[in-house]
Protein chains: 2
Amino acid sequence: MDQILKKPTRAKKSARNKSAPKAGIRQKKERLILKAAEKVFSEFGFRGATTQMIADRAGIPKANLHYYFPTKLVLYRKIIEEIFSIWLDAAQSFDENSDPVEALSRYIDKKMEISRSHPFGSKIWANEVMHGAPIIQDYLETTLRQWTDSRMVIIQRWIDDGLIDPIDPRHLLYMIWASTQHYADFVHQIKTLNGGKKLSDTQWDNAREDVKTIILNGIGATKRADK
Amino acid sequence: MDQILKKPTRAKKSARNKSAPKAGIRQKKERLILKAAEKVFSEFGFRGATTQMIADRAGIPKANLHYYFPTKLVLYRKIIEEIFSIWLDAAQSFDENSDPVEALSRYIDKKMEISRSHPFGSKIWANEVMHGAPIIQDYLETTLRQWTDSRMVIIQRWIDDGLIDPIDPRHLLYMIWASTQHYADFVHQIKTLNGGKKLSDTQWDNAREDVKTIILNGIGATKRADK
DNA sequence: ATCATTGTTGACCAACTGGTCAAGATTTTT
DNA sequence: AAAAATCTTGACCAGTTGGTCAACAATGAT
């Protein structure tokens with residue numbers, strides 16, 4: 001799931017020494033920077049974030065950051081790629097061979113889990129799309145488009161087989177995305193409306209169950225499956 | 001709906017002359033700037049937007065913009081206030097005396113309409129919240145909080161009266177917000193997945209109906225109302 | 001006509017920011 | 001040990017940006 005993103009970065013020898021005394025430096029430092037950058041970008045957006053902020057959060061001088069990532073844009077792209085790969089990972093759970101209740105339940109569970117564990121990534125993605133996707137347009141047009149089309153076919157088949165009510169598959173997908181990602185993108189609003197406290201484990205469970213219940217009932221997937 | 005935002009701005013005489021020969025200048029120019037600013041802020045975010053961009057789009061020199069709005073922040077705040085007032089306007093349709101199907105249908109209709117007619121505002125709001133609501137925190141804690149609480153009571157009453165299934169009112173509201181605002185905030189993604197063409201009138205109708213259907217069915221509001 | 005108020009704008013500036021660079025430190029290879 | 005490669009960092013620079021200002025124009029009141 002990650003290989004696409006990794007650079008070869010000197011994979012010649014070092015097969016006998018104690019693991020990787022120096023080769024690991026680059027990897028560790030890049031990880032450190034990426035993590036800091038993800039947070040800062042999600043908080044301030046691409047232009048709002050400064051390389052100085054990112055360097056500070058990573059605890060290194062700015063020049064060092066630029067040694068590993070030549071430009072702010074390159075750093076940003078790397079992060080987008082990671083987010084997208086996580087997203088695609090969850091998308092796998094929406095496979096062909098399941099019935100609607102099973103497939104959609106699993107998919108919604110995964111998406112909610114990602115909203116909880118990777119809220120920064122979700123925000124960055126949302127930010128990108130809201131600003132016209134200047135960086136990720138190609139992802140939208142290729143990978144995301146293909147995935148969406150293929151899933152719409154599956155949903156349409158469920159409809160044709162009478163497993164769910166006839167709704168536009170597109171809007172069902174949008175609703176799932178919107179409802180699940182809302183818990184990442186609007187976490188601040190949710191927290192404020194929750195008396196300033198972030199959602200507890202139980203509240204997260206409730207949220208996940210309610211989203212699933214409403215959507216599955218909403219498309220009539222349960223009334224057939226139940227009996 | 002607007003009075004809060006307007007400045008007194010010389011309301012002495014001019015009650016006999018031909019309307020407002022000069023008094024109108026300020027108002028017209030402010031409108032012009034606000035409209036330009038809304039677009040630019042929604043496209044580039046607060047920091048991404050420059051006062052130069054806004055001035056250019058309004059067709060005036062930057063210094064003139066700063067004559068009417070001393071700082072970028074003041075301009076931004078003004079826009080946020082307007083957005084919020086539009087939002088509150090729609091919120092009215094969610095009144096006490098209706099049954100769930102009627103109240104929620106009307107509310108979702110209004111929200112979808114706003115997503116279509118005021119996508120810029122929705123994006124700016126989303127952007128604010130995603131970045132921790134640095135400007136609008138007070139709105140979240142006061143007005144929005146109160147409104148949300150009062151509507152949750154109504155929804156809870158519906159549940160107690162057996163009019164809808166027992167779900168957490170909070171999550172129902174979040175789902176409505178998420179699903180409807182998605183069509184504004186993610187319009188670019190939706191457009192791309194729609195073959196690069198923005199949604200037609202029919203597609204908007206379908207979206208609106210599907211969102212309503214799924215949510216109303218999802219909470220079991222229709223199965224009681226139908227018979 | 002004259003004055004006061006309001007509106008207009010080019011030129012300017014201080015602060016910030018992405019990115020560079022050269023000198024030096026550290027580690028790996030030979 | 002010493003050469004080669006990699007990593008580190010303070011100082012620096014050029015471009016951008018929010019905001020100011022002084023001179024000027026237009027309009028309204030007297």
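Residue numbering restarts at 1 for every chain, and letters A, B, ... go by the order of the sequence lines.
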Q) Which nucleotide in the list D/dC7, C/dG10, D/dT9 gets nearest to the side chain of B/Ala63? A) C/dG10
Q: Compare the minimum distances between each of D/dG19, C/dT6, C/dG18 and the side chain of B/Thr71, then state the nucleotide with the smallest one.
A: D/dG19
Q.
Is it the case that the side chain of A/Lys123 and the backbone of B/His131 share a donor-acceptor pair, with hydrogens and angles ignored and the cut-off at 3.5 Å?
A. no
Q. Under the 3.5 angstrom rule, does the side chain of A/Ser122 hit a backbone N or O of A/Pro119 as a donor-acceptor pair?
A. no
How many whole angstroms separate atom [atom1] of [X] from atom [atom2] of [N]?
X: A/Gln27; N: D/dC7; atom1: CD; atom2: P; result: 12 Å
X: B/Ile33; N: C/dT9; atom1: CD1; atom2: P; result: 11 Å
X: B/His66; N: D/dG19; atom1: NE2; atom2: C1'; result: 5 Å
X: A/Asn64; N: C/dG18; atom1: CG; atom2: P; result: 16 Å
X: A/Leu65; N: D/dC7; atom1: CG; atom2: C1'; result: 14 Å
X: A/Lys29; N: D/dC7; atom1: NZ; atom2: P; result: 9 Å
X: A/Lys28; N: C/dT26; atom1: NZ; atom2: C1'; result: 16 Å
X: B/Tyr67; N: C/dT6; atom1: OH; atom2: P; result: 7 Å

Could I get a table of every N or O pair under 3.5 Å where one atom is in the protein and the other is in nucleotides 23-25 of chain D?
none

Q.
For residues 105-114 of chain A, which residue pairs pass the side-chain hydrogen bond (donor to acceptor under 3.5 Å, both in side chains) check, not counting sequence neighbours?
A. A/Asp95-A/Arg106, A/Ser98-A/Arg106, A/Tyr107-A/Trp177, A/Asp109-A/Lys212, A/Lys111-A/Gln181
(Q) Quick check on contacts: within residues 34-62 of chain B, what sits under 4.0 Å from DNA chain D by heavy-atom distance? (A) B/Ala49, B/Thr50, B/Thr51, B/Lys62
Q: Return no unless some side-chain N or O of B/Arg26 is found under 4.0 Å from OP1 or OP2 of C/dT6.
A: no
Q) In chain order, what residues pass the side-chain contact (heavy atoms from CB on, under 4.5 Å) check against A/Ile80, with sequence neighbours excluded? A)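 For A/Ile80, the residues satisfying side-chain contact (heavy atoms from CB on, under 4.5 Å) (neighbours in sequence not counted) are A/Tyr76, A/Ile124, A/Glu128, A/Ile136, A/Tyr139.
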Q.
Holding to side-chain contact (heavy atoms from CB on, under 4.5 Å), I want the full list of residues that pass it with B/Arg151, two or more places apart in sequence or in another chain.
A. B/Phe94, B/Trp147, B/Ile154, B/Leu173
Q) Can you list every salt bridge (Lys or Arg N to Asp or Glu O under 4.0 Å) pair that touches residues 180-198 of chain B, not counting sequence neighbours? A)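 Output for this query is empty, none listed.
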Q. Take atom CZ in A/Arg116; do more than 12 heavy atoms of anything else shown fall under 6.0 Å from it?
A. yes
(Q) Looking at every heavy atom in both B/Ser115 and B/Trp204, which two are closest together, and how far apart are they? (A) C-CH2, 4.2 Å
Q. Do the rings of B/His171 and A/Tyr183 sit parallel, tilted or perpendicular, given the 30° and 60° boundaries?
A. tilted
